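Dropping a structure here in structure tokens format, bear with me for questions.
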Amino acid sequence: MGNPQTIWYNHQKQLVETIDQRKLPFQNLIIEIGTLEEAGNAISEMVVRGAPLIGVTAGYGMYLAARYYAGNDFQAEMKLVAEKLKSTRPTAVNLAFAVDEALSVISGQISISENVKKLFDYAENLKQREIGFSKNIGKHGLEIIKAVSETKNGEPVQILTHCNAGRLACVELGTATAPIYLAHEAGIPVHVWVDETRPRNQGARLTAWELGEAGIPHTIIPDNTGGHLMQHKMVDMVIVGSDRATLNGDVANKIGTYLKALAAADNGIPFYVALPSTTIDWTLNDGIAEIPIEQRNASEVSVMEGLLDGEVHEFSILPAKSAVANYGFDVTPARLVTGLITERGVCNATREGILKLFPEKANR
Ligand code: MRU
């Protein structure tokens, strides 16, 4: 698997390195991020993607911006940098969380080089926090998988997931996949139904690759297959990640997640959302009305990549004159969510449930 982390600071080269996720599964390439612009492009071009990893990359982006700062109003410049980074991808709140937190460590009372050091430490610290969050999400989610497994007479627990909320979306382990990795390690038989996740196919390209590397049994399915599987009792539970959740338990995740939640509810199948607290937007109460939904380029829908004679090629797959809409995310209302798996435990997708685990957020 190589480096189990998805992003790291290379002290010898003095820059950040990450996996170029646009190239997987055909090529496993490391790409360097040495400037603010490269960090911003890596996020907007989806070299890195997935809410926690976007946040950590933005943290390093703030550090890189400060390192090369050469103007005369450091604090004002860093505020502009923060806005620039935030605009690269609007839905995943981890990005805004990271740049705002990074801004809060900057001080006018110390030198720029001391601020640069603080920002570096902040980025490294955020990365370590995300690793810890994933581990704890894994532990709490594992208990749910264990309980389902006890009803299965040794048969694999059938888990459906959408998009990639795996280690590639985080730093290690993932969110939705963390309990799956731990269950597999603990010898609990699991099988994962992997939604291909059009248009960018993060499920087929990334989740399947990750699970394959870890030796976890999985099957890739076209996006519209889940409902049929659920009707035929071929899915025991759904676990997905999230890009932004509201205080009342609504969750934004990759487009198509809502339809899986509807199908799960119709078939009495538990639908869990695994997310660190860095994905909760404590200021919002109504996901459908308030979460900004990213719209991306039509070419993600109209052009697909694939291998031909061992080489990667792009293929146009639509009539050239047809209009295309490409909404990146949708919102699953809290009423369809069985539980939120967080780093502090599992809770109901309600204001009360969330605040029971995070009481310090109650008076915001
Ligand atoms: O557009 P992407 O690939 O960044 O979308 C990612 C997702 O929707 C993930 O499910 C989400 O970020 C959860 S990450 C642990």
Side-chain angles (χ1 to χ4, degrees), residues 5-18 31-45 47-134 170-171 243-244 247 275-284 292 294 343 358 360-361 363-364:
Q5 299 193 343
T6 52
I7 192 164
W8 58 92
Y9 188 76
N10 184 325
H11 287 271
Q12 221 171 11
K13 294 186 184 166
Q14 303 232 326
L15 41 74
V16 178
E17 292 184 332
T18 188
I31 193 166
E32 296 176 345
I33 299 176
T35 63
L36 164 69
E37 284 66 34
E38 285 171 3
N41 284 342
I43 297 170
S44 57
E45 298 301 314
V47 169
V48 293
R49 27 72 47 209
L53 182 58
I54 291 172
V56 174
T57 308
Y60 282 118
M62 292 289 282
Y63 154 69
L64 291 168
R67 190 166 93 181
Y68 294 110
Y69 169 76
N72 52 21
D73 189 342
F74 180 68
Q75 306 239 27
E77 176 65 21
M78 290 307 292
K79 279 187 192 147
L80 288 178
V81 166
E83 288 314 308
K84 208 189 243 180
L85 280 169
K86 278 188 198 177
S87 69
T88 52
R89 293 204 67 193
T91 301
V93 77
N94 303 58
L95 173 52
F97 171 87
V99 295
D100 286 341
E101 216 177 45
L103 273 184
S104 76
V105 307
I106 292 173
S107 160
Q109 311 302 314
I110 56 175
S111 68
I112 291 178
S113 63
E114 284 169 314
N115 274 312
V116 170
K117 163 129 187 27
K118 272 182 168 251
L119 285 166
F120 179 75
D121 291 346
Y122 169 73
E124 293 274 297
N125 175 284
L126 176 63
K127 181 177 132 174
Q128 291 308 323
R129 257 192 289 163
E130 289 294 353
I131 292 171
F133 290 163
S134 284
C170 303
V171 182
D243 292 83
R244 188 184 303 223
L247 196 44
L275 77 174
S277 52
T278 41
T279 298
I280 301 174
D281 187 333
W282 306 99
T283 67
L284 302 187
E294 175 181 11
E343 73 270 17
F358 299 93
E360 72 277 18
K361 304 289 186 188
N363 295 321
R364 290 167 59 96

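Here the structure is a predicted model, which means the values were calculated and not measured.
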Heavy atoms, side chains only, cut-off 4.5 Å: are T278 and F133 in contact?
-> yes

Under 4.0 Å between a Lys/Arg side-chain N and an Asp/Glu carboxylate O for D100 and K86?
-> yes

What's the spacing between T18 OG1 and L15 CG if we round to 0.5 Å?
-> 12.0 Å

Mind checking the OH-OH spacing from Y9 to Y63? Nearest 0.5 Å is all I need.
-> 3.5 Å

Heavy-atom side-chain contact between L284 and L247 under 4.5 Å | no

Flag the pair L119 / M78 as yes when at least one side-chain heavy-atom distance between them is below 4.5 Å, and no otherwise.
-> yes

For R244 and A92, indicate whether the former's side chain and the latter's backbone hold a donor-acceptor pair under 3.5 Å.
-> no

Would you say the side-chain atoms of E130 pair up with the backbone N or O of L53, donor to acceptor, closer than 3.5 Å?
-> no

Can you tell me how far NZ of K118 sits from CG of N125, rounded to the nearest 0.5 angstrom?
-> 11.5 Å

Closest non-hydrogen atom pair, D121 against K117 | OD2-NZ, 2.7 Å

Expected output: side-chain S134 to main-chain I131 donor-acceptor under 3.5 Å | no

Looking only at non-hydrogen atoms, find the nearest pair between P52 and P276 and report the distance.
-> CG-CG, 4.3 Å

C170 side, atom SG; I7 side, atom CD1 - distance, nearest 0.5 Å = 12.0 Å

Should E32 and E38 count as side-chain neighbours, where that means a heavy-atom distance under 4.5 Å?
-> no

Quick one: closest heavy-atom pair of I43 and T88, and the distance?
-> CG2-OG1, 3.4 Å

Kindly compute the distance separating OG (S44) from CZ (R49), expressed to the nearest 0.5 Å.
-> 14.5 Å

About how many Å separate CG of L36 and OH of Y68, when rounded to the nearest 0.5 Å?
-> 11.5 Å

NZ/K79: more than 12 non-hydrogen atoms of other groups inside 6.0 Å = no

For N94, the option from T279, D281, T57 that meets side chain to side chain donor-acceptor pair (under 3.5 Å) = T279

Closest heavy-atom pair, A102 versus M62, reported as atoms and distance to 0.1 Å, is CB-CG, 3.9 Å

Side chains of F97 and L126 in contact at under 4.5 Å (non-hydrogen atoms) = yes

Any side-chain heavy atom of E124 within less than 4.5 Å of one from W8?
-> no

Decide, yes or no, whether a salt bridge links R129 with E101 under the criterion of side-chain N to carboxylate O below 4.0 Å.
-> yes

Show your reasoning for whether side-chain contact (heavy atoms from CB on, under 4.5 Å) applies to R67 and F120.
-> CA-CA 9 Å; R67 190 166 93 181; F120 179 75; over 6 Å; no

How close do Q75 and S107 get, heavy atom to heavy atom, and via which atoms?
-> NE2-C, 3.5 Å

For atom CG of D73, decide whether the heavy atoms of other residues, nucleotides or ligands shown that lie under 6.0 angstrom number more than 12.
-> yes

Would you confirm whether E114, through its side chain, and S111, through its main-chain N or O, come within 3.5 Å as a donor-acceptor pair?
-> yes

